[in-house]
Amino acid sequence: MTRTSPTPATGENTHTDATPRVHDVIVVGGGAAGLSGALTLARARRDVLVVDAGRPRNAPAAHMHGYLSRDGEDPAALLATGRGEVAAYGGRITQGTVESAARLPDGGFEVRLADGRDLHARQLLVTTGLVDELPAVPGVAERWGRDVLHCPYCHGWEVRDQAVGVLATSPVALHQAQMWRQWTDDVTLFLHGSPAPDAPTRAALDARGVTVVDGPVEALDVRDGVLNGVRLASGEVVPCDALVVAPRFTARSAVLESLGVETAEQVVDGTVVGTYVPSDPMGATSLPGVRVAGNVTNIMAQVVAAAAAGVQAAAATNADLIADDVRRAVAGSVGTRQATVGKG
Ligand SMILES: Cc1cc2nc3c(=O)[nH]c(=O)nc-3n(C[C@H](O)[C@H](O)[C@H](O)COP(=O)(O)OP(=O)(O)OC[C@H]3O[C@@H](n4cnc5c(N)ncnc54)[C@H](O)[C@@H]3O)c2cc1C
């Protein structure tokens, strides 16, 4: 791709018919992290544009839990409110998918969208989230976020005291079984071809009353649109009200990778559970001018944590822009002084 440098930006709108508009910040991804970042930047009087593909991770869930003051809200309602708040301060939001980005010679960025638009910004905040790659068991993908679950803090209360199955596709399942036992005393661990737990682990499962079922799981058994149980390859159906799985968490990192920002493996208790984009606590990546927030850099971040990270990364982005504004102002005033001295 041939890329030319746009006109350098200031905090004001630099757009003319002849030059591309250079936003202070383009936020890639308009979930909780991105919209919170955009709100902070818009309130800092920055020219901010959010490009959002509109597929937040928790879209399959009907309710969002654990967000103080918003507990139980429709996840889509939170984002709709957030979009309105960003717009109220002059922030702009456009529907679209960013395919790639490139650094320009002046230090700014060009962002290319799938619909062919090229956009420009001084800095990028990438909040593209992650993809939950689900185990390939028939019925799992269809029921994800309803009665096929992962996070007990999101869904545990709703299935408390019910029959919960845990599908073992990695050693993480042993941890999940003990975790979900906190919410119900009816937990069944389906080994599904995984190695049998070692003696101490088995003793711990037995001590907490977790049932262990050997043999592969064939499919979910659904009756009248509701999960009825787990069907084993033997044909036996073990009743369950909910099934816990361990997705692979893959950072949505294509835009960052196009900039040369790399991902790393996310390891939990010695098991690789996915990828993330490393960053410092303020979202700084290995590339100056590009910050990240939310699930793309922190697989553990629930909505409120993703929102908080977006605010922090946005504040740090604004600080970088202020430093750049000062640098440009000093360079400009030095030039003016020199011109004045030259005249005298
Ligand atoms: C089933 C389920 C239920 C959950 N329930 C809860 C709950 O009850 N409470 C809770 O706190 N957390 C819950 N979570 C976790 C929650 O989904 C995350 O904490 C939250 O979505 C993280 O926000 P984010 O902004 O980082 O990413 P996301 O919400 O995933 O937002 C990322 C946005 O970026 C967009 N995007 C991605 N790539 C591009 C691109 N290239 N160009 C433009 N846009 C792009 C996406 O379309 C999306 O709109 C749940 C997760 C799942 C899977």
Side-chain angles (χ1 to χ4, degrees), residues 26-39 49-80 82-83 93-101 111-115 117 119 124-134 140-159 242-259 274 276-277 279 283 292-311 313-314:
I26 291 179
V27 179
V28 185
L35 289 176
S36 297
L39 180 61
L49 174 71
V50 180
V51 184
D52 184 36
R55 294 193 312 276
R57 183 183 172 207
N58 55 349
H63 305 283
M64 176 194 69
H65 290 286
Y67 197 137
L68 194 63
S69 81
R70 297 287 179 274
D71 185 66
E73 188 166 293
D74 177 353
L78 178 89
L79 299 183
R83 284 192 291 272
I93 299 168
T94 186
Q95 171 89 26
T97 299
V98 175
E99 280 192 337
S100 65
V111 167
R112 176 149 292 178
L113 274 62
D115 59 17
R117 277 181 288 168
L119 304 171
L124 300 182
L125 174 55
V126 180
T127 57
T128 43
L130 63 77
V131 177
D132 295 286
E133 292 176 6
L134 299 168
V140 163
E142 293 83 344
R143 308 204 64 76
W144 174 237
R146 291 192 284 164
D147 41 29
V148 173
L149 311 171
H150 164 256
C151 168
Y153 298 103
C154 305
H155 304 282
W157 176 264
E158 283 62 45
V159 298
L243 183 69
V244 173
V245 300
R248 182 183 158 86
F249 308 109
T250 303
R252 274 211 203 93
S253 55
V255 175
L256 292 157
E257 287 177 44
S258 73
L259 286 159
Y276 73 105
V277 175
S279 67
V292 288
N295 278 166
V296 71
T297 183
N298 179 3
I299 67 164
M300 304 296 283
Q302 289 185 265
V303 178
V304 71
V311 170

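Given the structure is predicted, the values throughout are model-derived calculations rather than measurements. All ligand and atom numbering here is 1-based and tracks the order in the structure.
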Cys151 to ligand 1, any heavy atom closer than 4.0 Å: no
For atom 44 (N) of ligand 1, the protein heavy atom that lies nearest, with its residue and separation: Ala53 N, 3.0 Å
Where ligand 1 meets Val303 - atom numbers and elements under 4.0 angstrom, heavy-atom basis: 10 (C), 11 (O), 12 (N), 16 (C), 19 (O)
Nearest protein heavy atom with distance in Å, relative to atom 13 (C) of ligand 1: Cys154 SG, 3.3 Å
Nearest neighbour of atom 4 (C) of ligand 1 from the list Val131, Leu35, Asn58, on a heavy-atom basis: Asn58
Per-atom contacts of ligand 1 with Asn295, taking only distances under 4.0 Å to non-hydrogen atoms: 18 (C), 19 (O), 20 (C), 22 (C), 26 (O)
Candidate pair Arg117 and Val51, rule side-chain contact (heavy atoms from CB on, under 4.5 Å), full reasoning: CA-CA 11 Å; Arg117 277 181 288 168; Val51 184; 5.7 Å; no
Protein heavy atom at shortest distance from atom 8 (O) of ligand 1: His65 N, 2.7 Å
Closest heavy-atom pair and its distance - Gly294, Ala309: N-CB, 4.0 Å
Atom 40 (C) of ligand 1 - nearest protein heavy atom and its distance: Val98 N, 3.7 Å
Atoms in ligand 1 flagged as close to Thr97, the criterion being non-hydrogen separation under 4.0 Å: 41 (N), 42 (N), 43 (C)
Side-chain heavy-atom pair Leu124, Leu259 within 4.5 angstrom cut-off: yes
Atoms in ligand 1 with a heavy atom of Gly145 nearer than 4.0 Å: 1 (C)
Min heavy-atom dist Gly96 to ligand 1 below 4.0 Å: yes
Non-hydrogen atoms of Leu78 and Met64 that approach each other most closely: CD2-SD, 4.0 Å
Atoms in ligand 1 with a heavy atom of Met64 nearer than 4.0 Å: 8 (O), 9 (N)
Chi angles and distances behind the side-chain contact (heavy atoms from CB on, under 4.5 Å) call for Leu119, Val98: CA-CA 10 Å; Leu119 304 171; Val98 175; over 6 Å; no
Spatial distance of atom CG (Leu256) from atom OG1 (Thr297) [nearest 0.5 Å]: 9.5 Å
side-chain contact (heavy atoms from CB on, under 4.5 Å) assessment of Val296 paired with Tyr276: CA-CA 6 Å; Val296 71; Tyr276 73 105; over 6 Å; no
Atom indices of ligand 1, in the order listed, that fall short of 4.0 Å to a heavy atom of Gly129: 27 (O)
Short side-chain to backbone donor-acceptor contact, Asp71 and Gly66, under 3.5 Å: yes
Atom 31 (O) of ligand 1 - nearest protein heavy atom and its distance: Gly31 CA, 3.5 Å
Ligand 1 versus Ala33: contacting region, heavy-atom distance under 4.0 Å: both
Residue part near ligand 1, for Ala301, under 4.0 Å between non-hydrogen atoms: backbone
Shortest protein heavy-atom distance from atom 23 (O) of ligand 1, along with the residue and atom involved: Ala306 CB, 3.6 Å
Shortest non-hydrogen contact between Val255 and Ala101, atoms and distance: CG1-CB, 4.2 Å
Heavy atom of Tyr153, distance to ligand 1 below 4.0 Å: no
Nearest neighbour of atom 39 (C) of ligand 1 from the list Val111, Thr128, Ile26, on a heavy-atom basis: Thr128
Heavy-atom closest contact (Ala301 atom, Ala306 atom, distance): CB-N, 4.0 Å
Nearest atoms (heavy-atom pairs only) where Val292 meets Ser279: CG2-CB, 3.4 Å
For ligand 1, the portion of Leu130 having any non-hydrogen atom under 4.0 Å away: neither
Any His155 heavy atom less than 4.0 Å from ligand 1: yes
Spacing of Leu79 atom CG and Asn58 atom CG [to the nearest 0.5 Å]: 7.0 Å
Aromatic plane relationship, Trp144 with His150 - under 30° parallel, 30 to 60° tilted, over 60° perpendicular: tilted
Heavy-atom side-chain proximity of Trp157 to His65 below 4.5 angstrom: no
Atom 35 (C) of ligand 1 - nearest protein heavy atom and its distance: Asp52 OD1, 3.3 Å
Within reach of ligand 1, part of Tyr67 (heavy-atom separation under 4.0 Å): neither
Under 4.0 Å to a heavy atom of Thr127 - the qualifying atoms of ligand 1, by number: 32 (C), 33 (C), 34 (O)
Test item, Ala32 contacting ligand 1 (heavy atom, 4.0 angstrom): yes
Part of Asp132 with heavy atoms under 4.0 Å of ligand 1, whether side chain, backbone, both or neither: side chain
For atom 15 (C) of ligand 1, the protein heavy atom that lies nearest, with its residue and separation: Arg57 NH1, 4.0 Å
Arg55 and ligand 1 - part of the residue with a heavy-atom distance under 4.0 Å: both
Point-to-point distance, once rounded to the nearest 0.5 Å, from CZ of Arg252 to OG1 of Thr127: 10.5 Å
Atoms in ligand 1 with a heavy atom of Arg252 nearer than 4.0 Å: 37 (C), 38 (N), 46 (C)
